[in-house]
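Everything on this sheet refers to the single structure shown next.
Below, chains carry the letters A, B, ... as their sequence lines are ordered, and counting in each starts from 1.
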Amino acid sequence: MEKYNHNKIEAKWQKKWLEEGLYKAGEDKKKEKFYILDMFPYPSGAGLHVGHPKGYIATDIFARMKTMQGYNVLHPMGWDAFGLPAENFAIKNKVHPRISTDENIATFKSQLRKLGFSYDWDREINTTDPKFYKWTQWIFLQLFKKGLAYESHEPINWCPSCKTGLANEDLEDGKCERCGSEIEQRPMRQWVLKITDYADRMLNDLEKLSDWDNSIKEMQKNWIGRSKGARVKFKIKNLKGGNEEIEVFTTRPDTLFGATYFVVSPEHGLIERNKSEIKNYKEVREYIEKAKKKTELERTDLAKEKTGVKIDGLVAINPVNKKEIPIFIADYVMMHYGTGAIMAVPAHDERDWEFAQKYNLPIQQVVTPNKKEREETIKALRCLKNLKKKADDKEINFWLLGGLAAAFYVGVIWRKHNDLDLIIKDNDKYDDFLKIIENEGYKKIKDKKTEDGFISSVYKNKDGVEIDIGPYLGISDLRDKDFEEDIKELEGVESHVLSCDFIKKIKDKQAKSRALKKDFLDKKYLDGYVFADNGIAVNSGFLDDLITFEAKKEMIKWLEENNLGKKDINYKLKDWVFSRQRYWGEPIPLIHCDNCGVVAVPEKDLPVELPEVEHYEPTGTGESPLASIEDWVNTTCPNCGELAKRETNTMPQWAGSSWYYLRFIDPSNDTALVDKQKEKYWSPVDFYVGGAEHATRHLIYARFWHKFLFDIGVVNYNEPFKRLQHVGIILAEDGRKMSKRWGNVINPDDIVDKYGADSMRVYEMFMGPFSQSTIWNTNGLVGARKFLDKILNLSLNIVTEKKDNQEIVSLLHKTIKKVGEDIEDFKLNTAVSSMMILVNKIAEQKEKSISKANFKLFLKILSPFTPHLAEELWEKLGNKNSIFKTKWPEYNSNLTKDKTAEFVVQVNGKLRDRLELPVEIDEKNAKEEVLKSEKIKDWLKNKEIVRFIFVPGKLINIVIKDA
RNA sequence: GCUGCGGUGGCGGAACUGGUAGACGCGUUGGACUUAAAAUCCAAUUCCUUUAAACUGGAGUGGGAGUUCGAUUCUCCCCCGCAGCACCA
């Protein structure tokens with residue numbers, strides 16, 4: 001028997017593919033394109049471990065299948081090579097980062113080559129290549145010209161160990177993501193990109209990205225963190241009667257009447273401006289100093305007791321009732337969210353409440369969940385009858401809007417294909433309504449989740465007509481930020497007052513619902529404790545008796561009319577701090593001129609190349625090492641020609657990766673970032689695969705830049721990545737992340753050497769669901785190898801002229817179908833398993849062989865997984881051309897259908913027998929057959945058959961009872 | 001705390017729109033081959049009951065309820081794990 005010499009086979013084909021240029025992407029416009037992309041790696045000095053290629057293997061399989069299916073596939077690879085590790089290595093070893101980076105790239109590339117990937121290496125890019133970063137700088141200049149890059153001196157995150165400023169996205173738990181040092185806040189000159197201008201669009205467009213992993217979309221949503229609310233101006237009065245105005249942001253303008261004190265964060269400018277008027281300035285100053293020393297982590301520790309100092313000598317005026325309220329300085333208010341100042345409403349905010357308890361401040365309740373008020377406002381609630389046609393299905397909706405004071409309960413009932421002539425006048429008739437439905441012959445068949453996530457019940461009558469009944473908006477919905485839109489939908493519909501108590505209904509239905517327990521049944525909320533949810537306004541002048549949602553609207557209206565505030569949206573997302581005080585990054589292409597201010601480097605002078613330096617060490621002064629290179633820094637102003645200085649800050653590592661995918665389309669273009677026609681053909685990326693750790697960094701930044709490039713007409717589509725799939729990491733055998741630190745790294749080179757690249761490819765795909773993290777197990781890898789051995793053995797038994805067993809042929813075609821579908825869905829583990837089943841079945845046969853024609857079909861579906869082995873066996877069968885130039889097989893749908901099937905026979909739902917029957921058998925014949933079964937006869941002795949359930953092609957269930 | 005995802009044999013995991021739970025792989029046990037071991041091949045492998053063996057029966061997808069002829073799948077409550085965010089006003 002010939003031995004499977006993977007080393008020989010793999011080297012042979014890798015060489016051949018390269019020589020033949022098999023994987024060059026063409027510009028054949030007649031073919032449909034497919035752009036499949038991996039997140040390009042940072043070529044670290046450690047090289048790859050076995051976890052890294054997982055995603056690359058998967059995209060390679062996908063790309064190979066797409067190519068065979070006739071697509072023009074773009075599947076490139078490159079290097080995200082700017083960054084701190086190379087620079088730190090340079091500092092330590094006095095080697096230019098260029099050199100170590102190039103070495104690392106060479107290592108990475110050879111490691112990837114060994115795995116047999118189908119990358120088009122002619123399109124390789126490297127973010128540190130001046131020809132590449134020329135265009136990174138170019139994009140920055142466009143941002144600058146559009147006013148989206150601005151200079152700021154605000155305090156920012158500063159890493160004392162890396163000696164550079166950092167963006168919010170570069171922090172992890174308040175620490176530097178790279179080195180783990182505690183972050184300080186440090187005011188310094190910096191360049192900032194106005195990403196917040198795009199926040200709304202980035203948030204809204206997430207909904208269009210239907211082929212993105214949900215988890216990543218959620219993370220981005222949270223990161224952008226939009227909250228709707230209002231800005232409110234508070235007058236600040238000092239002892240001398242002097243005035244100034246400070247704005248606060250609040251999501252609860254309806255609680256303004258309950259604002260009993262005012263808080264500014266320690267960094268707020270108010271203190272210094274009124275220094276002389278503050279009687280206890282010394283005490284205040286001490287507090288500020290203390291707060292400064294605290295790390296971000298200490299300050300945001302939730303378990304910590306709140307502290308603060310009252311500012312003696314200043315008071316704020318609550319604009320709505322003109323009351324004077326005390327001002328505090330407290331570090332539970334953060335300078336970086338909202339305006340750095342808040343109105344404190346202790347009755348309805350847990351933090352304010354805690355603080356008020358400690359410092360004995362007045363607590364004024366202005367929202368109530370109480371039953372009494374609730375009943376009063378019930379008057380305001382409407383019961384709506386809405387006949388709304390849904391275009392698609394002729395559905396008719398009945399809206400029931402009733403409610404609790406603090407919650408609406410809306411029932412939506414619709415009926416398909418038939419007009420339902422019921423008018424619900426009052427919603428205490430809800431039970432009656434259900435009775436009507438039941439009297440009409442409807443029976444509840446199941447509960448289901450609506451698109452909005454609520455539960456509705458499906459009722460069905462004898463004719464198969466289905467109606468859905470259920471809460472459309474549940475209790476929690478008043479808290480929903482988008483409630484407004486839902487209400488709008490209901491407006492303009494005939495309504496009338498109702499007089500029901502829905503609590504009982506809901507108690508019955510959702511007795512244990514957490515929302516109810518917390519908001520309405522829990523006594524503590526009824527006794528004036530913190531009630532942070534929505535309810536009814538009380539003690540609030542013109543807002544009294546309004547529900548929160550309406551009260552907010554009214555208050556905003558009032559604020560705007562009196563010029564005391566306005567509707568506002570606040571984002572958690574902050575502008576992108578874009579400058580780094582380090583060497584190994586793209587120089588920011590700006591010039592500082594005494595006469596003209598900040599001037600852009602003319603585009604014809606790009607790229608501004610990184611100069612050679614002797615010392616890479618960061619200076620720590622807020623200037624990068626570039627600042628000391630005089631003949632580089634000193635230049636002339638392109639505007640006035642006078643002497644001027646270059647900007648010495650460099651860009652963050654995320655700059656190049658924010659647009660690199662566009663460059664693959666046209667990697668060597670000197671005159672444009674990307675050729676318009678080519679961009680139009682290839683863009684957007686159809687499928688993007690990479691780690692979830694990039695959800696709130698790279699993927700946010702890239703979407704921002706892409707939208708900007710769309711706005712200035714460089715790209716034709718407003719989202720960069722159509723489908724996104726995240727790859728689950730591979731953990732070491734000890735369950736930890738693979739890392740030098742733990743000494744548990746497995747090098748793919750060793751695995752490839754010992755078991756072969758194909759084995760590794762199959763194993764990594766077989767391990768488990770692609771997006772899930774799994775633990776590496778070398779034994780499992782042996783299993784994959786055995787599978788390949790079996791295939792090789794099988795190939796030795798090929799019979800040219802042979803009529804294969806019908807069963808095998810049918811299974812083969814089922815497998816072709818499944819493998820194709822699974823690859824498309826990225827269910828690569830089950831694709832592998834289905835091929836294993838096929839191979840096992842063939843080997844189980846007496847003759848252990850298969851015809852040449854059918855084996856060829858199998859090789860084709862196998863080939864994306866094990867390109868080397870497949871190509872070798874393909875050649876052995878006498879084929880001259882590469883298997884990857886052949887067409888992906890089509891399955892014969894007649895062959896995937898079985899003629900007979902094993903029917904499961906149940907009695908009262910319990911499995912009692914199995915019968916081989918024709919698939920197409922009808923209920924009557926099936927019943928006859930089943931009743932012949934001895935086993936079943938036994939079970940039916942002395943019983944009466946109540947029901948006979950028949951599922952075509954699958955199952956028979958006999959429901960019996962005692963006769 | 002909030003948001004999202006998940007919980008199935010000894011392990012990784014499979015199961016279409018509710019219809020045979022445990023596919024496939026690993027591990028383990030027994031057997032074949034061998035002087036022996038490795039490799040390979042064959043068989044068994046959820047648990048309990050029963051048995052010489054088998055048949056048979058019962059339980060079983062984190063726990064508890066519910067809907068259904070039938071639930072890993074749908075609904076509600078609870079528990080646990082993972083990930084992200086977090087004094088977000």
(request) Find the distance A/Glu350:CD to B/rC87:P and express it as a whole number of Å. (result) 14 Å
(message) Any N or O donor-acceptor pair under 3.5 Å from the base of B/rC87 to the side chain of A/Lys306?
(response) yes
(message) Can you measure A/Tyr337 atom OH to B/rC2 atom C1' for me and round it to whole angstrom units?
(response) 14 Å
(message) By the 4.0 Å heavy-atom rule, please label A/Asn829 as base, sugar-phosphate, or nothing.
(response) sugar-phosphate
(request) Determine, for A/Arg351 against A/Glu354, whether the closest basic-nitrogen to carboxylate-oxygen distance falls under 4.0 angstrom. (result) no
(message) Working note: A/Lys233 + A/Ile246, criterion side chain to side chain contact (heavy atoms under 4.5 Å, CB included); need CA distance, chi angles, decisive distance, verdict.
(response) CA-CA 6 Å; A/Lys233 292 180 199 165; A/Ile246 294 191; over 6 Å; no
(message) Looking only at the side chain of A/Pro769 (C-beta and beyond, no hydrogens), which of the listed nucleotides B/rG84, B/rA23, B/rG13 gets closest?
(response) B/rG13
(request) Provide the distance between the two P atoms, one in B/rA54 and one in B/rG60, to the nearest whole Å. (result) 24 Å
(message) At 4.0 Å (heavy atoms only), tell me whether A/Trp939 reaches a base, stays on the sugar-phosphate, or touches nothing.
(response) sugar-phosphate
(request) Just compare B/rA89, B/rC85, B/rG25 and give me whichever is closest to any side-chain atom of A/Phe766. (result) B/rG25
(request) May I ask you to verify if any side-chain N or O of A/Arg947 is less than 4.0 angstrom from the OP1 or OP2 atom of B/rC69? (result) yes
(message) Salt bridge or not between A/Lys221 and A/Glu218? Use side-chain N to carboxylate O under 4.0 Å.
(response) yes
(request) For B/rG9, decide between syn and anti, treating a glycosidic angle within 90° of 0 as syn. (result) syn
(message) Let's see if you can work this out: which of B/rC16, B/rC85, B/rC87 has an atom nearest to the side-chain heavy atoms of A/Lys954?
(response) B/rC16
(message) Need one value for A/Ile949: base, sugar-phosphate or nothing, where a base atom within 4.0 Å counts as base even if backbone is also close, heavy atoms only.
(response) base
(request) Please confirm whether A/Phe328 and A/Phe355 have ring centers closer than 6.0 angstrom. (result) yes
(request) Report which part of the nucleic acid A/Val333 touches: base, sugar-phosphate, or nothing (heavy-atom distance under 4.0 Å, all strands). (result) base
(message) How many whole angstroms separate atom CG of A/Leu781 from atom C1' of B/rC24?
(response) 16 Å
(message) More than 12 heavy atoms of other residues, nucleotides or ligands under 6.0 Å from NZ of A/Lys827: yes or no?
(response) no
(message) Can you tell me which nucleotide in B/rG19, B/rC87, B/rU3 comes closest to the side chain of A/Gln906?
(response) B/rG19
(message) Between A/Asn957 and A/Thr774, which residue's closest nucleotide on RNA chain B lies nearer the 5′ terminus?
(response) A/Thr774
(request) Find the distance A/Glu354:CD to B/rG1:P and express it as a whole number of Å. (result) 15 Å
(request) Name the residue closer to the 5' end of RNA chain B, choosing between A/Ser834 and A/Val904 according to the nucleotide with the nearest heavy atom. (result) A/Val904
(request) Please measure how far the P atom in B/rG58 lies from the corresponding atom in B/rA71, and state the result in whole Å. (result) 15 Å
(request) Return the value, rounded to whole Å, for the distance between atom CD of A/Gln220 and atom C1' of B/rA83. (result) 16 Å
(request) Tell me whether the OP1 or OP2 atom of B/rC24 has a side-chain N or O from A/Thr830 closer than 4.0 Å. (result) no
(request) Run the numbers on A/Asn318 and A/Phe257 for side chain to side chain contact (heavy atoms under 4.5 Å, CB included), then give the verdict. (result) CA-CA 8 Å; A/Asn318 184 334; A/Phe257 280 96; 5.9 Å; no
(request) Counting Watson-Crick and G-U wobble pairs whose two distances are both under 3.5 Å, find the runs of 3 or more in a row that involve RNA chain B. (result) B:1-7 with B:79-85, B:10-12 with B:24-26, B:27-32 with B:40-45, B:46-48 with B:57-59, B:62-66 with B:74-78
(message) Do A/Tyr763 and A/Asn777 pair up side chain to side chain, a donor and an acceptor below 3.5 Å, judged on atom types alone?
(response) no
(message) Work out how far the P atom of B/rG81 is from that of B/rC26, and round it to whole angstrom.
(response) 32 Å
(request) Could you tell me whether the phosphate oxygens of B/rC16, OP1 or OP2, come under 4.0 Å of any side-chain nitrogen or oxygen in A/Lys818? (result) no
(request) Between B/rA89, B/rC88, B/rA23, spot the one nearest the side chain of A/Thr251, thanks. (result) B/rA89
(request) Using the P atom on both, measure B/rU46 against B/rA21 and round to a whole Å. (result) 14 Å
(request) Using atom CG of A/Asp349 as one end and atom P of B/rC87 as the other, report the distance to the nearest whole Å. (result) 13 Å
(message) Base, sugar-phosphate or nothing for A/Arg912? Non-hydrogen atoms, less than 4.0 Å.
(response) sugar-phosphate
(request) Check every atom of B/rU40, B/rG19, B/rC85 against the side chain of A/Lys786 and return the nucleotide holding the closest atom. (result) B/rU40
(request) Scan A/Lys221 against the nucleic acid and name what it touches under 4.0 Å (heavy atoms): base, sugar-phosphate only, or nothing. (result) nothing
(request) Name all residues meeting the side-chain contact (heavy atoms from CB on, under 4.5 Å) criterion together with A/Pro769; count only those two or more places apart in sequence or in a different chain, and write none if there are none. (result) A/Gln772, A/Asn829
(message) Do A/Tyr4 and A/Arg785 have side chains that approach each other closer than 4.5 Å (heavy atoms only, starting at C-beta)?
(response) yes
(request) Report yes if at least one side-chain N or O of A/Arg351 is closer than 4.0 Å to OP1 or OP2 of B/rC88; otherwise report no. (result) yes
(request) Can you tell me the distance, in whole Å, between the CD atom of A/Glu693 and the P atom of B/rG84? (result) 10 Å
(request) Please name the residue in the list A/Ile956, A/Asp913, A/Leu955 that meets the side-chain contact (heavy atoms from CB on, under 4.5 Å) test with A/Gln906. (result) A/Leu955
(message) I want to verify a distance call: between B/rG4, B/rG13, B/rA89, whose nearest atom is closest to the A/Ser215 side chain?
(response) B/rG4
(request) Rounded to the nearest angstrom, tell me the gap between atom CG in A/Leu203 and atom P in B/rU3. (result) 16 Å
(message) By the definition side-chain contact (heavy atoms from CB on, under 4.5 Å), identify the one residue from A/Ile842, A/Val819, A/Thr815, A/Val839 that meets it with A/Phe858.
(response) A/Val839
(message) Between B/rG62 and B/rC11, how many Å separate the two P atoms, rounded to a whole number?
(response) 13 Å
(request) Using only side-chain N and O atoms of A/Asn779, determine if any of them is under 4.0 Å from OP1 or OP2 of B/rG27. (result) yes
(request) Write down the distance separating the P atoms in B/rG22 and B/rU56, rounded off to the nearest Å. (result) 16 Å
(message) For the P atoms, the ones on B/rG7 and on B/rA43, what distance do you get once it is rounded to whole angstrom?
(response) 32 Å
(request) Using the P atom on both, measure B/rA37 against B/rG30 and round to a whole Å. (result) 13 Å
(message) Of the options B/rG4, B/rA59, B/rG13, whose atoms approach the side-chain atoms of A/Glu218 most closely?
(response) B/rG4
(request) Looking at every strand, decide which applies to A/Asn840 at a 4.0 Å heavy-atom threshold: base, sugar-phosphate, or nothing. (result) sugar-phosphate
